[in-house]
Protein chains: 2
Amino acid sequence: MTSAAAQNYLKAIYTLQEQQAAVTTSALAQYLKVSAASATNMVKKLARARLLHHSPYHGVQLTGRGEKMALEVIRHHRLIELFLARTLAVPWDCVHAEAEKIEHVISEDLEDRIATFLGDPTLDPHGDPIPTKAGQVARPVYPSLLDVGAGQSAVVRRVSDQNPEHLRHFSKLGLVLDANVDVLEREPFEGPLRVRVASGAEHIVDETLAREIWVSPLTGQTRTGMARVKKSK
Amino acid sequence: MTSAAAQNYLKAIYTLQEQQAAVTTSALAQYLKVSAASATNMVKKLARARLLHHSPYHGVQLTGRGEKMALEVIRHHRLIELFLARTLAVPWDCVHAEAEKIEHVISEDLEDRIATFLGDPTLDPHGDPIPTKAGQVARPVYPSLLDVGAGQSAVVRRVSDQNPEHLRHFSKLGLVLDANVDVLEREPFEGPLRVRVASGAEHIVDETLAREIWVSPLTGQTRTGMARVKKSK
DNA sequence: TCGCAAATTTAGTCGCGGCTAAATTTTTTA
DNA sequence: TAAAAAATTTAGCCGCGACTAAATTTGCGA
């Protein structure tokens, strides 16, 4: 009952639950790229195993046990991502796909070895928090780059790992973890942003992409940042 | 058609082929711990995919393509074993089970990275040769410890990875890769051996176990080795 | 509030990779 | 060499996790 498929469903439900409280069958099906019928099927099986509550036609919610299991898989995933990045220099746009498969097959013993080797890390290569073995997980809430006002600076804290191509793009732009960004200006109606990165280069970041980057705004340096921009022109 | 199950069958057939030319259904079934009917079933599928020849009631033989595929899986397996042993100090009795699962899910890219990281190694932690990416594999033929005459010394070159408990036992005894062993005496009728290891400790090694250790006999040092034994008593 | 569209579930199918029991072929032995 | 034993294959089944098509429920708008 803890097949790779079941683990993927639990993980998906956990992830979706972080955003919307009620996880619907169709949201789940869309996220996992399976048919709605398949999702219903697995949901019923997970409900029977008491890993989630299912109120038919209204959505699902993980039980304590289900959440614990989801967090175990997520812990595996993020530890493996960091391990591959550290030991083999696997680029951050590739670690996700590898971890997605390896996470289902490693033993608890290997998990422990990896965690110890990495010094019991708390963040994976995308800035996602790594749950503890006990099932505790930090819930860092950062504004997205889109929420940073024009003229403000920020530090990249977390980047969505869902799209490898986006990640590759971010790398090229210098939008990596802990990088400084100055938001120069922003088109109206949630339009694209113009930003300047540490190297001094300026880039246009689309709205969709900006939503995938979460940051710590640097309130103190806002003005000076802009001042320097204006002076340099 | 290259499911984990199919890969395991190909690997098993390759391994069995190394010993006996004709691999029978029952040998395969016994090795993989499945029923004979299941083995026949998969054999027919692999034959349809032209990965092996099947002469019904008489056994199977890998085709070129089948052998290539088997070697790819074995390469994955042995690289992963060595990688886990090197980076995480996973003991040699555990690496096999982990590799058995991970071998089916890593990408070619990750395989390449691991191989490069390890310096394109040729032997895994048990002394098994690692096939090249092109599908070439060394065929070292060593006599087993059982073939070493009383009074001879030898160096451990390869140890069967099939039984974790045996491996753990060998570790305790000091029968590790590249270790020196003096065969002191041997009970008649292929009985157990008495050996002395590098530390000077003496141990009894059962026939079954001795068959799982392959060595390079040290012809020159035979007499002196024994002489020293007798003197020390 | 009634009806329709959208969401969801149910019903039934498929391939995979196991299984057992029965049939068949090969091998051994009397 | 014929019968019994052993090995192998065939037939038919099961659970898993996907699918499509059809039925059902929900909820929104007229």
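Below, chain A is the first sequence line, B the second, and so on; all start at residue 1.
- In this structure, B/Val43 and A/Ala36 both approach DNA chain D, and ranking their closest nucleotides by distance from the 5' end singles out B/Val43.
- The distance from atom CZ of A/Arg48 to atom P of D/dG15 is 11 Å, rounded to the nearest whole Å.
- Straight-line distance from the CD atom of A/Gln7 to the P atom of D/dC16: 15 Å, rounded to whole Å.
- A straight line from NZ of A/Lys44 to C1' of D/dG17 spans 14 Å, rounded to a whole angstrom.
- Distance from the side chain of A/Thr24 is smallest for C/dT8 among the nucleotides C/dT8, C/dC19, C/dG17.
- At the phosphate of C/dT8, OP1 or OP2 sits under 4.0 Å from a side-chain N or O atom of A/Ser26.
- Comparing A/Ala37 and A/Pro56 by the nucleotide of DNA chain D whose heavy atom lies nearest to each, the residue mapping closer to the 5' end is A/Ala37.
- To the nearest angstrom, C1' of C/dT26 lies 7 Å from NE2 of B/His58.
- Not one side-chain nitrogen or oxygen of B/Lys33 sits closer than 4.0 Å to the OP1 or OP2 atom of C/dG18.
- A heavy-atom distance below 4.5 Å is found between the side chains of B/Arg78 and B/Pro129.
- B/His76 has its ring centre no less than 6.0 Å from the ring centre of B/His104.
- Under 4.0 angstrom from either OP1 or OP2 of C/dG17 there lies no side-chain N or O belonging to B/Ser38.
- Taking the six-membered ring where the residue is Trp, A/His126 and A/Trp92 present parallel rings, their angle staying beneath 30° rather than reaching 60°.
- Counting only heavy atoms from C-beta on, B/His54 has its side chain closest to D/dT9 among D/dC19, D/dA18, D/dT9.
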* Decide side-chain contact (heavy atoms from CB on, under 4.5 Å) for B/Thr87 and A/Phe83; before the verdict, give the C-alpha distance in whole Å, the side-chain angles of both, and the deciding distance to 0.1 Å. => CA-CA 10 Å; B/Thr87 59; A/Phe83 180 64; 3.7 Å; yes
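- The nearest whole Å value for the distance from the CG atom in B/Leu28 to the P atom in D/dA7 is 15 Å.
- OP1 or OP2 of C/dG18 has at least one side-chain nitrogen or oxygen of B/Tyr9 nearer than 4.0 Å.
- Summarising the geometry, the separation between CG on B/Asn41 and C1' on D/dC13 is reported as 12 Å, rounded to the nearest angstrom.
- In this structure, CD of A/Gln30 is placed 10 Å from P of C/dA7, rounded to the nearest angstrom.
- In terms of heavy-atom proximity, A/Leu10 sits nearest to A/Leu46 at CD2-CD1, 4.2 Å.
- The side chain of A/Thr25 places an N or O atom within less than 4.0 Å of a non-bridging phosphate oxygen (OP1 or OP2) of C/dT9.
- Here B/Ser3 reaches the OP1 or OP2 of C/dG17: one of its side-chain N or O atoms lies under 4.0 Å away.
- Following rounding to the nearest Å, B/Tyr57 (OH) and C/dA23 (C1') show an atom-to-atom distance of 8 Å.
- Put simply, A/Lys45 has no side-chain N or O that comes within less than 4.0 Å of OP1 or OP2 on D/dG15.
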